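Here the structure is laid out as structure tokens; the discussion comes afterwards.
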Amino acid sequence: MKIINLWSGPRNISTAVMYSFAQRKDTKVIDEPLYGNYLRVTGLNHPGRAEIMDTVNCDGNDVIKKLFNEKFDKNILFLKQMAHHLREVDQSFVLDTQNVFLIRDPREVIASLINQLPQPTLRDTGLDIQYDLFENLRMKCRDPIVMDSKRLLMNPKKILKLLCKRLSIPYSNFMLNWEKGPIKEDGIWAKYWYHGVHNSEGFLPYKKKKYFPDKFNDLENQCQPYYKFLLKHALE
């Protein structure tokens with residue numbers, strides 16, 4: 001079985017990408033398998049925290065072990081992952097998978113993230129974690145893939161075709177559209193976070209965020225070198 005990790009930061013289009021892969025008949029998708037582990041380790045009070053932790057396995061290493069040992073009736077296992085969820089988890093499993101890094105201009109990430117986190121940090125964006133993981137994979141002669149959300153939204157078919165080529169899987173036009181509403185693969189947290197995707201039928205056109213508070217200029221300056229480095233490797 002081919003295992004694909006999508007490593008995203010927050011306030012990106014990772015859920016839309018998961019919905020895209022869920023349209024493939026050869027693919028099993030799993031939504032943020034390490035979210036429970038992240039809540040346990042950080043103690044953060046996210047919406048639905050108690051319900052989530054009562055429902056999912058919160059031991060990250062055990063989650064990964066069981067995923068890799070489980071037998072699925074599909075040829076591809078797609079794991080939608082948040083880079084900042086990699087807390088107290090043995091990362092060696094990434095060497096046995098294909099890894100895709102979904103990035104977004106930090107100026108747009110921060111402008112959206114402050115609605116949930118009034119004082120975000122570099123670590124909250126996940127960009128430094130994405131950078132470290134990307135470089136670790138390259139040093140070990142792996143072939144990580146980078147996909148920029150703006151480029152994807154501006155030309156979904158082109159970027160998805162390039163992605164599938166790099167993953168050595170066939171492209172399908174079914175990846176471009178889905179029915180409105182939730183999918184069975186949604187995590188239990190979908191009711192708090194996925195309203196936009198539930199109201200969509202495909203990738204929405206790119207719209208630039210216009211508002212950015214000046215008090216976050218320093219944070220943006222911290223983030224930009226990581227983003228610009230990864231962007232140089234992004235599909236186009």
Side-chain angles (χ1 to χ4, degrees), residues 2-24 26-27 29 76 78-84 94-95 97-113 122 125-178 196-197 200-210 212 219-236:
K2 182 187 293 287
I3 302 176
I4 301 168
N5 282 301
L6 178 76
W7 298 107
S8 178
R11 314 315 301 162
N12 208 331
I13 57 170
S14 58
T15 304
V17 177
M18 180 181 78
Y19 273 46
S20 173
F21 271 82
Q23 308 313 304
R24 299 178 58 99
D26 60 358
T27 302
V29 304
I76 300 169
F78 179 92
L79 306 177
K80 174 199 164 194
Q81 305 264 30
M82 295 290 107
H84 56 285
V94 303
L95 300 176
T97 69
Q98 289 186 276
N99 296 277
V100 181
F101 293 83
L102 181 64
I103 60 172
R104 184 186 185 191
D105 188 328
R107 189 174 182 86
E108 297 188 347
V109 171
I110 294 166
S112 181
L113 188 59
L122 172 61
T125 71
L127 270 166
D128 57 333
I129 305 170
Q130 287 178 305
Y131 169 84
D132 288 342
L133 185 55
F134 178 86
E135 285 291 75
N136 181 50
L137 287 163
R138 287 212 305 170
M139 284 191 299
K140 294 183 177 175
C141 300
R142 298 308 191 268
D143 187 27
I145 303 166
V146 181
M147 188 165 57
D148 181 66
S149 63
K150 178 180 177 180
R151 293 179 184 176
L152 175 58
L153 293 178
M154 292 182 72
N155 197 335
K157 186 171 185 177
K158 175 186 177 183
I159 298 301
L160 288 174
K161 278 188 170 182
L162 291 172
L163 175 62
C164 289
K165 183 177 181 180
R166 286 284 300 275
L167 291 169
S168 299
I169 61 176
Y171 166 76
S172 169
N173 278 327
F174 289 116
M175 299 176 72
L176 295 174
N177 302 102
W178 47 84
V197 179
S200 71
E201 296 178 294
F203 292 98
L204 300 176
Y206 170 75
K207 290 184 180 180
K208 184 176 182 179
K209 282 191 170 291
K210 297 180 180 179
F212 186 84
L219 176 58
E220 185 200 357
N221 290 335
Q222 291 178 54
C223 293
Q224 283 292 351
Y226 296 106
Y227 173 69
K228 290 178 178 177
F229 173 85
L230 291 168
L231 185 63
K232 289 190 298 183
H233 300 273
L235 302 171
E236 62 179 337

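Fair warning: this is a prediction, and the values are worked out from it, not measured in the lab. Hydrogens, waters and symmetry mates are skipped; everything else that's a heavy atom, side chains included, is used.
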Shortest non-hydrogen contact between Cys164 and Met175, atoms and distance: SG-SD, 3.9 Å
Approximate separation, where rounding is to 0.5 Å, of Phe101 CZ and Leu6 CG: 9.5 Å
Val17 side chain near Ser14 side chain, heavy-atom distance below 4.5 Å: no
Side chains of Phe78 and Met18 in contact at under 4.5 Å (non-hydrogen atoms): yes
Check: Gln23 and Ser172 side chains under 4.5 Å, non-hydrogen atoms: no
Over all atoms of both residues, closest heavy-atom pair of Ser149 and Asn12: CB-OD1, 3.1 Å
Stepwise side chain to side chain contact (heavy atoms under 4.5 Å, CB included) check, Leu167 with Val100: CA-CA 9 Å; Leu167 291 169; Val100 181; 4.1 Å; yes
ring-ring contact (aromatic ring centres under 6.0 Å, His included) involving Tyr131 - partner list, sequence neighbours excluded: Tyr226, Phe229
Minimum side-chain heavy-atom gap Leu137-Trp7 below 4.5 Å: no
Those residues that, when tested against Thr15, pass side chain to side chain donor-acceptor pair (under 3.5 Å) (two or more places apart): Lys80
Atom pair CE (Met147) and CD1 (Ile159), whose distance is rounded to the nearest 0.5 Å: 8.5 Å
Results of salt bridge (charged side-chain N to carboxylate O under 4.0 Å, His left out) for Asp128 - residues two or more places apart only: Arg123
Nearest heavy-atom neighbours spanning Ser112 and Lys209: CB-CE, 3.7 Å
All salt bridge (charged side-chain N to carboxylate O under 4.0 Å, His left out) counterparts of Arg142, not counting sequence neighbours: none
All side chain to side chain contact (heavy atoms under 4.5 Å, CB included) counterparts of Leu230, not counting sequence neighbours: Ile103, Leu127, Gln130, Phe134, Val146
Heavy-atom closest pair, residues Ser200 and Leu204: CB-CD2, 4.2 Å
Residues that Thr27 engages under side chain to side chain donor-acceptor pair (under 3.5 Å), provided they are two or more places apart: Arg24
Summary of salt bridge (charged side-chain N to carboxylate O under 4.0 Å, His left out) pairs that have at least one residue in residues 154-163, sequence neighbours excluded: none
Non-neighbouring partners of Glu236 that pass salt bridge (charged side-chain N to carboxylate O under 4.0 Å, His left out), sequence neighbours left out: Arg151
Donor-acceptor contact present, side-chain Arg104 to main-chain Arg11, <3.5 Å: yes
Counterpart residues, side chain to side chain contact (heavy atoms under 4.5 Å, CB included), relative to Lys208 (two or more places apart): Glu108, Tyr206
Separation between CG of Asn221 and CG of Leu122, rounded to the nearest 0.5 Å: 11.5 Å
Within the 6.0 Å centroid threshold, strictly below: Phe203 and Trp178: yes
Side-chain heavy-atom pair Ile4, Phe21 within 4.5 angstrom cut-off: yes
Passing option when Leu160 is tested against Leu235, Asn173, Leu176 for side chain to side chain contact (heavy atoms under 4.5 Å, CB included): Leu176
Residues which pass side chain to side chain donor-acceptor pair (under 3.5 Å) with Gln81, listed by chain and number, not counting sequence neighbours: Asn5
For Gln224, all residues meeting side chain to side chain contact (heavy atoms under 4.5 Å, CB included), sequence neighbours excluded: Asp105, Pro106, Glu220, Tyr227, Lys228
By side chain to side chain donor-acceptor pair (under 3.5 Å) - contacts of Arg166 (at least two apart): Asp143
Main-chain N/O of Ile169 paired to Lys2 side chain as donor or acceptor, under 3.5 Å: no
NZ/Lys150: more than 12 non-hydrogen atoms of other groups inside 6.0 Å: no
Rounded distance [0.5 Å steps], CG in Leu152 versus OG in Ser20: 8.0 Å
Minimum heavy-atom distance Ala83-Ile129, with the two atoms named: O-CG2, 3.5 Å
